[in-house]
**Q** 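Quick one: the structure is below, questions incoming.
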Amino acid sequence: MKTFLKILLTALVVIVLANILPGISVAGYVAAIIVAVVISLLNMFVRPLLIFFTLPATIVTFGLFIFVINACIILLADKLVDGFAVSGFFAALLFSVLLSIFRSALFSLLKEDTKTIQN
């Protein structure tokens, strides 16, 4: 149930960011949910491999190369999902940064709600 809620929250953030940011478009709610699932799967399976293979670049840039990896994940999701379009690398970079910020904020609220329910 918690995973499903996280996917729905991510889809909501994708829709909001697509309406705010130029260069990002989502065809509809179903496409946003598919984008959320694809991004979650890419973060689960592809992102660790990319971090491992680019570890020297990440170390040299003091971790800032992770932003490039996140943008590549967004561009890969653009190629995999019909109805989701990203105009370029910098749009993907800004989208990934804002997506991470909003997801962190929403997921922290989700953790606080589950703590109060358990107590």
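In this chain, residues are counted from 1 in sequence order.
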**Q** Holding to side-chain contact (heavy atoms from CB on, under 4.5 Å), I want the full list of residues that pass it with F67, two or more places apart in sequence or in another chain.
**A** L64, L93, V97

**Q** Verify the cluster assignment for L12 and I74: are they in a single hydrophobic cluster under the rule of side-chain heavy atoms below 4.5 Å apart?
**A** no

**Q** Which heavy atom of A31 sits nearest to which heavy atom of G83, and what is that distance?
**A** CB-O, 4.1 Å

**Q** side-chain contact (heavy atoms from CB on, under 4.5 Å) with A32: which residues, sequence neighbours excluded?
**A** A11, V14, I15, V26

**Q** When rounded to the nearest 0.5 angstrom, what distance separates CG in N19 from CD1 in I24?
**A** 11.5 Å

**Q** Could you pull out the closest heavy-atom pair between P22 and A91, with the gap in Å?
**A** O-CB, 4.3 Å

**Q** Report, one line per pair, each donor and acceptor closer than 3.5 Å where one atom sits in a side chain of residues 98-105; sequence neighbours left out.
**A**
unit_1	atom_1	unit_2	atom_2	d
S100	OG	S96	O	2.9
S104	OG	S100	O	2.9

**Q** If you look only at pairs with a residue in residues 73-89, which of them pass as a side chain to side chain donor-acceptor pair (under 3.5 Å), with sequence neighbours excluded?
**A** none

**Q** Hey, are the side chains of L49 and F45 touching, using non-hydrogen atoms and a 4.5 Å cut-off?
**A** no

**Q** Hydrophobic cluster mates of L55, side-chain heavy atoms under 4.5 angstrom, ILVMFWY only, any path?
**A** I59

**Q** Which residues end up grouped with F62 if you chain together Ile, Leu, Val, Met, Phe, Trp and Tyr wherever their side-chain heavy atoms are less than 4.5 Å apart?
**A** none

**Q** Is there a path of hydrophobic side-chain contacts, each under 4.5 Å between heavy atoms of I, L, V, M, F, W or Y residues, that connects V13 with I33?
**A** no

**Q** For V68, give me all partners under side-chain contact (heavy atoms from CB on, under 4.5 Å), at least two apart in sequence or on another chain.
**A** F65, C72, F89

**Q** Could I get the full list of ring pair (Phe, Tyr, Trp, His ring centres under 6.0 Å) partners for F84, not counting sequence neighbours?
**A** F95

**Q** Filter on side chain to side chain donor-acceptor pair (under 3.5 Å), then keep only pairs touching residues 29-38, sequence neighbours left out; what's left?
**A** none

**Q** For I66, enumerate each residue passing the side-chain contact (heavy atoms from CB on, under 4.5 Å) test, keeping only those at least two apart in sequence or located in another chain.
**A** R47, I51, T58, I69, N70

**Q** With a 3.5 Å cut-off and sequence neighbours excluded, list the donor-acceptor pairs that the side chains of residues 34-44 form with protein atoms.
**A**
unit_1	atom_1	unit_2	atom_2	d
S40	OG	A36	O	2.8
N43	ND2	I39	O	3.3

